[in-house]
Amino acid sequence: MTTQELVSQINLKKSFLCIGLDVDLQKIPEHLLQEEDPIFEFNKAIIDATHHLCVAYKPNTAFYEAYGIKGWKSLEKTINYLNENHPEIFTIADAKRGDIGNTSTMYAKAFFEDLAFDSVTVAPYMGKDSVEPFLAFKDKHTIMLALTSNEGAFDFQTKKVENLELYKTVLETSKAWQNANQLMYVVGATKAKYFADIRKIIPNSFLLVPGVGAQGGNLQEVCKYGLSKNVGLLINSSRGIIYASKDENYAKKAAKKAEELQKQMEEILNSNFSV
């Protein structure tokens, strides 16, 4: 999927919502545990109920890898279901991979070719030759960790190196990499006031923003500092939507939570962009 196709979906749906499909068998409705593949059945119901309200889905691969081969098959079925039924939706493999040379190429093949995701999250700690192999795939996007929402982000990301915060050095350096136009960045919603500085470095890049809702991030604050001329934000919500209920009507309750966010996003878009 191209960036322009993603922007078109945002404009069409009046939404820049990304729903995280982080499935924990201990948190899903009990009746699903009787199914042959409870993870996929849960995801399918969430997708069926919310696809018109969001522009992206983001399965965190750890929640599938934890269940071994069965979990990986559930992930495969989920991405196949999305690609077959909702090819217009942007898909993110939240895998946070990162290694050098051929290893990164193989990670990229796994997610871009075998599973056919539109994008994958990567960790930039090993530098240029760990990220560029992902960027070699046409019309695929590499979403690089920049400034995360967790407490430990301050251990390294905001430390100054030659009087510049490390995350800013990462952003500046990545702009010179081959096919850098295919880069997106992870910036946590709990760091809202950092967005102004980030936009000075990467004014038009898309930012994947976790942390709205359960982690305390504020949508209005993020948009105040983070919106770009092409919107440039994907706001992710996982637990706040998919675990809205453990009853049999869980998908309907999830859709209600997704719609609440979508309506807020529609107001923000109407206020900031002429129709």
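Keep in mind it's a predicted model, so treat the numbers as computed, not measured.
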Got a sec: does the CD of E248 have more than 12 other heavy atoms crowding it under 6.0 Å? no
Less than 3.5 Å apart, any donor N or O on the side chain of D22 or Y64 sitting next to an acceptor on the other? no
Taking only residues at least two apart or on different chains, which pairs with a member in residues 112-137 satisfy ring-ring contact (aromatic ring centres under 6.0 Å, His included)? F112-F137
From OG (S130) to NZ (K128), nearest 0.5 Å: 11.5 Å
Closest heavy-atom pair, K193 versus Y225, reported as atoms and distance to 0.1 Å, is CG-CE1, 4.0 Å
Within 6.0 angstrom of K256 NZ, more than 12 heavy atoms from elsewhere: no
Whether over 12 other heavy atoms sit under 6.0 Å from N102 CG: no
Sidechain-backbone polar pair: S271 side chain, E267 backbone, donor-acceptor under 3.5 Å: yes
List the atom pairs, with distances to 0.1 Å, where a side-chain N or O of residues 68-75 and a protein N or O form a donor-acceptor pair under 3.5 Å, not counting sequence neighbours.
{"residue": "S74", "atom": "OG", "partner": "D37", "partner atom": "OD1", "Å": "2.7"}
{"residue": "S74", "atom": "OG", "partner": "D37", "partner atom": "OD2", "Å": "3.1"}
{"residue": "S74", "atom": "OG", "partner": "K70", "partner atom": "O", "Å": "3.0"}

Distance check, rounded to the nearest 0.5 Å: K14 atom NZ versus L12 atom CG? 9.5 Å
Output, in order, the C-alpha distance, side-chain angles, deciding distance and verdict of salt bridge (Lys or Arg N to Asp or Glu O under 4.0 Å) for E65 and R97. CA-CA 14 Å; E65 294 173 78; R97 297 298 197 258; 3.6 Å; yes
Does L33 share a hydrophobic cluster with Y67, counting links as ILVMFWY side-chain heavy atoms below 4.5 Å and allowing steps through other members? yes
Distance (rounded to the nearest 0.5 Å) between M1 CE and K140 NZ: 9.5 Å
Flag if over 12 foreign heavy atoms under 6.0 Å of CD, E30: no
Would you find more than 12 non-hydrogen atoms of other residues, nucleotides or ligands less than 6.0 Å from K246 atom NZ? yes
Which pair of non-hydrogen atoms, one from D99 and one from Y107, has the smallest distance, and what is that distance? CB-CE1, 4.2 Å
Could you please spell out the steps behind the side chain to side chain contact (heavy atoms under 4.5 Å, CB included) verdict for F154 and K159? CA-CA 7 Å; F154 297 104; K159 297 294 184 187; over 6 Å; no
Ring-plane angle category for Y250 and F42, please: parallel below 30°, perpendicular beyond 60°, tilted otherwise. parallel
Any side-chain donor paired with an acceptor under 3.5 Å for S15 and E266? no
Interatomic spacing from CD1 in I201 to OH in Y185 - rounded to 0.5 Å: 9.5 Å
Can you see whether D139 engages T2 through a side-chain donor-acceptor pair at a distance of less than 3.5 angstrom? no
Is there a side-chain contact between I92 and V120 in this structure, where contact means two heavy atoms from C-beta onward sitting under 4.5 Å apart? no
Do T78 and N80 get their side chains close enough for a donor-acceptor pair, meaning under 3.5 Å? no
So, the side chain of N60 versus the backbone of A62: is there a donor-acceptor pair under 3.5 Å, distance only? yes
CD of Q220: more than 12 outside heavy atoms within 6.0 angstrom? yes
Return the minimal non-hydrogen interatomic distance between P203 and S228, and the atom names on each side. O-CB, 3.2 Å
From I79 atom CD1 to L115 atom CG, the distance as rounded to the nearest 0.5 Å: 7.0 Å
Where P133 and A108 come nearest, the two heavy atoms and their spacing: O-CB, 4.3 Å
Side chains of D94 and T121, donor plus acceptor under 3.5 Å: yes
Given side chain to side chain contact (heavy atoms under 4.5 Å, CB included), test L164 with E162 step by step and report yes or no. CA-CA 6 Å; L164 189 67; E162 296 182 353; 5.9 Å; no
Separation of Q157 CD from L145 CG (nearest 0.5 Å): 7.5 Å
Between K175 and E172, does any NZ, NE, NH1 or NH2 come within less than 4.0 Å of an OD or OE carboxylate oxygen? yes
What's the verdict on side chain to side chain donor-acceptor pair (under 3.5 Å) for D48 and Y81, showing C-alpha distance, side-chain angles and the deciding distance? CA-CA 10 Å; D48 288 347; Y81 185 78; 2.6 Å; yes
Partner of Y57 under side chain to side chain donor-acceptor pair (under 3.5 Å), picked from T91, D118, N236, T50, is T50
Can any side-chain N or O of S205 pair as donor or acceptor with the backbone N or O of I202 at less than 3.5 Å? no
Is any NZ, NE, NH1 or NH2 atom of the basic residue among E165 and K168 found under 4.0 Å from an Asp or Glu carboxylate oxygen of the other? yes
Run the salt-bridge test on D114 and K109 with the 4.0 Å N-O cut-off and return the result as yes or no. no
Where A255 and A49 come nearest, the two heavy atoms and their spacing: CB-O, 3.4 Å
Any side-chain to backbone donor/acceptor pair from K13 onto C54? Under 3.5 Å, distance only. yes
Under a 4.0 Å threshold between the charged nitrogen and the carboxylate oxygen, would E41 count as salt-bridged to K44? no
Is any side-chain heavy atom of V209 closer than 4.5 Å to a side-chain heavy atom of V186? no
Answer yes or no: are there more than 12 heavy-atom neighbours, outside M126 itself, under 6.0 Å from its atom CE? yes
Which of these, L53, V55, I242, L261, sits in a side-chain contact (heavy atoms from CB on, under 4.5 Å) with I19? I242
All heavy atoms of S174 vs all of A180, minimum pair found to be O-CB, 3.5 Å
